[in-house]
Amino acid sequence: MRITVIGGTGLIGAKVAARLQRTGHEAVVAARSTGVDAYTGEGLAAALAGADAVIDVSNSSYVDEAAARDYFYAATLNLITYGAALGIPHHVALSVVGTDRLARRQGGYFIAKAEQERLVTTSGRPFSLVHATQFFEFVRHITDAAVQGDASRVADVLIQPIAADDVAAAIVRTATGSPTGGMNEVAGPEVFALGDLARLDLRRRHDDREVVPDPLGTYFGAHLLRTDLLPSRAASIAPTRFRSWIETPAETMLPI
């Protein structure tokens, strides 16, 4: 299969492209650095030409609602429009477990992600959504974003994180199969209190800052219930455990 990976040079996109190539597929890596901009449409027609599927793992560089909505609306509408014109039979988009809940909690970025999903699901195009929990590689970003003075005041919630490699595997399985017309959840095998996971991350970095689970703390602007980040019982559970992952060299930490 010829599969175009939008955001193909990012953390997940690069892993998806590599996995596609290892399994005998042709991966077209589409990103601004390769001359393709889903937001403006530059280079998009050529990148999508002849594709059997398009995988969208691109992300807004902004987490505020207005900027994120602007990016996701324009990029997703372009992908749907070009995909329809070129007859691409499968549109796959990566999103976040609990996007609808997080959007209701007034998390601006997640309102934008919910809008992205709405555009895909109401487009009339064959699609599949992959909902992933937070990446192991994202824990550092969560911890640092919650720093106030000498402590990281993280939201007092539960989290079931997943390795980026396992997310990539789930996306490839989805893209090389038939469109589901729905959402598939993937999550890691372990549930942590976010405070405990943040503490593990800091100690791994030899950082002795205190971690304070804060019942009033927000998750990128969203006030969460304790279980809002957890997947449903129907989620596919990936194999990689956090403690085995942290024994590997640290990777670049990027948001979902």
Working for side-chain contact (heavy atoms from CB on, under 4.5 Å), residues T4 and V36: CA-CA 11 Å; T4 302; V36 182; over 6 Å; no
Flag, side chain of D144 to backbone of H141, donor-acceptor distance under 3.5 Å: no
Single-linkage hydrophobic cluster L44~V16, side-chain heavy atoms < 4.5 angstrom: no
Closest non-hydrogen atom pair, K113 against S95: CE-OG, 3.4 Å
More than 12 heavy atoms of other groups within 6.0 Å of R22 CZ: yes
Check: V167 and T133 side chains under 4.5 Å, non-hydrogen atoms: no
Donor-acceptor contact below 3.5 Å, side chain T34 vs main chain V29: yes
Chi angles and distances behind the side-chain contact (heavy atoms from CB on, under 4.5 Å) call for L129, V120: CA-CA 9 Å; L129 297 178; V120 172; 4.2 Å; yes
Donor-acceptor pairs under 3.5 angstrom involving side-chain atoms of residues 149-163: please list them, not counting sequence neighbours.
unit_1 : atom_1 : unit_2 : atom_2 : d
S152   : OG     : T143   : O      : 2.8
D156   : OD1    : R226   : NH1    : 2.9
Q160   : NE2    : G188   : O      : 2.8

Considering all heavy atoms, the nearest S60-A68 contact: OG-CA, 3.6 Å
Residues that R125 engages under side-chain hydrogen bond (donor to acceptor under 3.5 Å, both in side chains), provided they are two or more places apart: none
Verify same cluster id: L197, L230 (apolar side-chain graph, 4.5 Å): no
Residues forming a side chain to side chain contact (heavy atoms under 4.5 Å, CB included) with A222, sequence neighbours excluded: R105, L224
Step-by-step side-chain contact (heavy atoms from CB on, under 4.5 Å) determination, V28 to V5: CA-CA 6 Å; V28 179; V5 185; over 6 Å; no
Separation between OG1 of T180 and CG of N184, rounded to the nearest 0.5 Å: 4.5 Å
Note, I142 side chain near L194 side chain (heavy atom, < 4.5 Å): yes
Nearest-0.5 Å distance, OG1 of residue T176 to CG of residue L20: 7.5 Å
Beyond-backbone contact of D165 with T240, side-chain heavy atoms, under 4.5 angstrom: no
V54 vs H90 side-chain heavy atoms within contact, under 4.5 Å: no
Where P179 and S128 come nearest, the two heavy atoms and their spacing: CA-OG, 3.4 Å
Residue pair H131 / V96, side-chain heavy-atom distance below 4.5 Å: no
Plane angle bin for F242 and F192 - parallel if under 30°, tilted between 30 and 60°, otherwise perpendicular: perpendicular
I237 CD1 to E190 CD distance, which is reported to the nearest 0.5 Å: 11.0 Å
Distance, nearest 0.5 Å, that separates CG of L48 from OG1 of T81: 11.0 Å
Counterpart residues, side-chain hydrogen bond (donor to acceptor under 3.5 Å, both in side chains), relative to R203 (two or more places apart): none
Test side-chain hydrogen bond (donor to acceptor under 3.5 Å, both in side chains) applied to Y39 - qualifying residues, sequence neighbours left out: D70
Within one Ile-Leu-Val-Met-Phe-Trp-Tyr cluster: V212 and Y219, side-chain cutoff 4.5 Å: no
side-chain contact (heavy atoms from CB on, under 4.5 Å) between Q134 and V139, worked out: CA-CA 8 Å; Q134 290 64 35; V139 174; over 6 Å; no
side-chain hydrogen bond (donor to acceptor under 3.5 Å, both in side chains) partners for D207, two or more places apart: R209
Hydrophobic cluster membership, V57 vs I3, 4.5 Å side-chain cutoff: yes
pair V186-V97: side-chain heavy atoms closer than 4.5 Å: no
Close side-chain approach of M1 to E26, heavy-atom, < 4.5 Å: no
Euclidean distance, R173 CZ relative to R19 CZ, rounded to 0.5 Å: 8.0 Å
Greater than 12 external heavy atoms within 6.0 Å of R2's CZ: yes
ILVMFWY cluster, F127 and I55 together (side-chain gap under 4.5 Å): no
Polar contact flag, side-chain donor to acceptor under 3.5 angstrom, S232-E185: yes
Minimum heavy-atom distance V211-G195, with the two atoms named: CG1-O, 3.5 Å
SB check R205 D201 (cutoff 4.0 Å): yes
Distance in Å, T121 OG1 paired with Q116 CD, rounded so as to fall on 0.5 Å steps: 10.5 Å
Where S58 and Y71 come nearest, the two heavy atoms and their spacing: OG-OH, 2.9 Å
CA sep, side-chain torsions, deciding dist, call: N59, Y109, side-chain hydrogen bond (donor to acceptor under 3.5 Å, both in side chains): CA-CA 11 Å; N59 202 1; Y109 172 83; 2.6 Å; yes
Distance-minimising heavy-atom pair for P89 and A51: CD-O, 3.8 Å
Min side-chain heavy-atom separation L94-I12 under 4.5 Å: yes
